[in-house]
Amino acid sequence: MSTYLLVHGAWHEGRCWERVVPLLTAAGHRVLAPSLTGYGDKAHLLGPEVGLDTHVEDIAGLIAEEDLTDVVLVGHSYAGLVVTAVAERVPERLARLVYLDAMVPEDGETAADVMPVTRRLIDAALRSESGWRVPPLPELPPPAGLFGITDPADVAWVRSMLSDHPVRCLQQPVRLRDPRARTVARAHIHCTVGKPEGFDRRPVPAVQADGSPSWVRELAAGHDCMVTAPEELTGLLLELA
């Protein structure tokens with residue numbers, strides 16, 4: 001049995017994994033899908049002080065509180081920053097990091113460094129009345145849709161869980177200092193449908209930092225593949241158990 005810890009991306013909440021959790025559980029694994037501070041059951045904590053460090057503490061704290069070991073830590077989108085930083089905190093408790101259509105930072109990088117289009121979101125938030133709220137991305141014509149979702153019922157469901165994202169999350173850098181974190185295996189799942197212009201990902205090196213070949217898979221689904229392709233995503237995640 002493996003322990004999967006699923007971390008949602010910006011604007012979402014833990015509920016977005018509802019279609020994947022039972023599939024992994026049915027395969028005999030333990031699954032946790034918490035909401036980060038400011039989302040879901042923690043929505044009342046949303047504020048300008050919430051940053052990347054807050055979300056890293058959410059996940060590192062949960063791992064310690066639940067005494068989790070051999071964790072397959074999955075970060076979707078923005079949460080690629082979160083899981084990378086968590087590996088710095090608790091590398092001995094992790095079996096693997098999984099970057100699900102996610103940002104993959106180097107030392108000292110922010111979201112805007114990893115994906116420069118994010119700078120537009122930061123600037124707009126700083127100019128807004130609140131000075132810190134980053135609203136969810138708008139729905140686009142198919143195939144981009146809403147985070148890659150085009151089915152009206154699914155769009156409505158996901159809209160029900162979206163919240164503004166604190167700009168501080170996109171401004172804080174990831175610090176990579178612990179050499180033990182580099183020994184944690186990495187896997188990358190890239191969604192190939194409906195990616196908006198400007199949201200380009202970096203190529204994955206053929207060899208990981210620990211010297212092993214990189215594990216990279218493509219999934220013919222939109223960005224929110226946990227909603228639109230839960231069975232296919234689960235199949236890939238089970239390869240990593």
Side-chain angles (χ1 to χ4, degrees), residues 1-9 12-36 39-41 55 58-84 86-87 89-104 147-149 151 153-154 157-158 160-161 181 183-194 201 204 208 210 212-241:
M1 182 182 76
S2 294
T3 296
Y4 286 86
L5 179 46
L6 312 177
V7 186
H8 65 80
H12 292 60
E13 62 177 76
R15 192 159 50 106
C16 70
W17 300 101
E18 276 189 3
R19 297 175 182 178
V20 172
V21 171
L23 300 177
L24 289 172
T25 302
H29 304 291
R30 183 181 184 189
V31 188
L32 297 88
S35 290
L36 298 172
Y39 302 98
D41 59 343
H55 294 158
D58 287 340
I59 301 304
L62 177 63
I63 290 172
E65 180 182 345
E66 296 287 333
D67 194 23
L68 304 179
T69 57
D70 294 321
V71 176
V72 179
L73 182 58
V74 182
H76 178 239
S77 195
Y78 152 78
L81 303 178
V82 178
V83 301
T84 301
V86 169
R89 293 275 300 274
V90 290
E92 72 283 356
R93 292 181 175 269
L94 304 180
R96 189 183 300 268
L97 296 181
V98 182
Y99 293 92
L100 177 56
D101 220 29
M103 297 182 180
V104 185
F147 299 106
I149 303 167
D151 178 80
D154 286 344
W157 180 57
V158 170
S160 74
M161 66 181 79
T183 67
V184 178
R186 264 78 165 166
H188 303 261
I189 299 174
H190 296 160
C191 298
T192 62
V193 176
R201 71 174 67 87
V204 177
Q208 297 187 86
D210 65 357
S212 61
S214 292
W215 192 99
V216 183
R217 300 289 187 273
E218 290 189 343
L219 183 56
H223 186 58
D224 275 9
C225 57
M226 73 288 288
V227 175
T228 60
E231 294 87 1
E232 294 84 350
L233 173 59
T234 299
L236 292 176
L237 293 177
L238 287 175
E239 290 185 28
L240 303 170

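Worth knowing before you read on, the calculation uses all heavy atoms, side chains too, and leaves out hydrogens, waters and symmetry mates.
Proximity of a side-chain donor or acceptor of D101 to a complementary backbone N or O of C191 within less than 3.5 Å is detected. Side-chain atoms of T234 come within 3.5 Å of backbone atoms of P230 as a donor-acceptor pair (strictly under, hydrogens ignored). The closest donor-acceptor contact from the side chain of T3 to the backbone of V71 lies at 3.5 Å or more, if one exists at all.
Listed here is the closest heavy atom pair of A187 and R96: CB-CD, 3.9 Å. Annotation for H8 and A79: closest pair O-CB, 3.3 Å, computed over non-hydrogen atoms. Nearest heavy atoms, P91 versus V184: O-CG2, 3.9 Å. In terms of heavy-atom proximity, P34 sits nearest to L6 at CD-O, 3.6 Å. Here the shortest heavy-atom pairing between A33 and V21 reads CB-CG2, 4.1 Å. Heavy atoms only, all atoms of each residue included: L237 and Y4 are closest at O-OH, 2.6 Å.
For residues 62-81, every residue pair satisfying the ring pair (Phe, Tyr, Trp, His ring centres under 6.0 Å) rule, not counting sequence neighbours, is listed here: H55-Y78, H76-H223, Y78-H165.
A heavy-atom distance below 4.5 Å is found between the side chains of V98 and V72. At a threshold of 4.5 Å between non-hydrogen side-chain atoms, the residues H29 and L238 count as touching. No side-chain heavy atom of L233 sits under 4.5 Å from any side-chain heavy atom of E231. Within the 4.5 Å cutoff, the side chain of V193 has no heavy atoms near those of the T228 side chain.
Remark: C16 SG to Y39 OH distance equals 11.5 Å, nearest 0.5 Å. For the atom pair L24 CG and R30 CZ, the distance stands at 13.5 Å (nearest 0.5 Å). Within the model, atoms CD1 of I189 and CG of L236 stand 5.0 Å from one another, a figure rounded to the nearest 0.5 Å. For the atom pair L100 CG and D224 CG, the distance stands at 9.0 Å (nearest 0.5 Å). The distance from atom CZ of R19 to atom CE of M226, rounded to the nearest 0.5 Å, is 11.0 Å. Going from atom CZ of R186 over to atom OG1 of T84 covers 6.0 Å, rounded to the nearest 0.5 Å.
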(Q) Could you walk me through whether H12 and S77 satisfy the side chain to side chain contact (heavy atoms under 4.5 Å, CB included) test, starting with their C-alpha distance in whole Å, then the side-chain angles of each, then the deciding distance to 0.1 Å, before giving a yes or no? (A) CA-CA 10 Å; H12 292 60; S77 195; over 6 Å; no
Q: Tell me, with the steps shown, if I59 and L73 meet side chain to side chain contact (heavy atoms under 4.5 Å, CB included).
A: CA-CA 10 Å; I59 301 304; L73 182 58; 4.0 Å; yes
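Evaluation of the ring-ring contact (aromatic ring centres under 6.0 Å, His included) rule for Y99 yields H188 as partners, not counting sequence neighbours.
Each of T69, L68, I63 was scored for a side chain to side chain contact (heavy atoms under 4.5 Å, CB included) with E66, with one residue passing: L68. Of the candidates V74, V31, V227, W17 forms a side chain to side chain contact (heavy atoms under 4.5 Å, CB included) with just one, namely V74.
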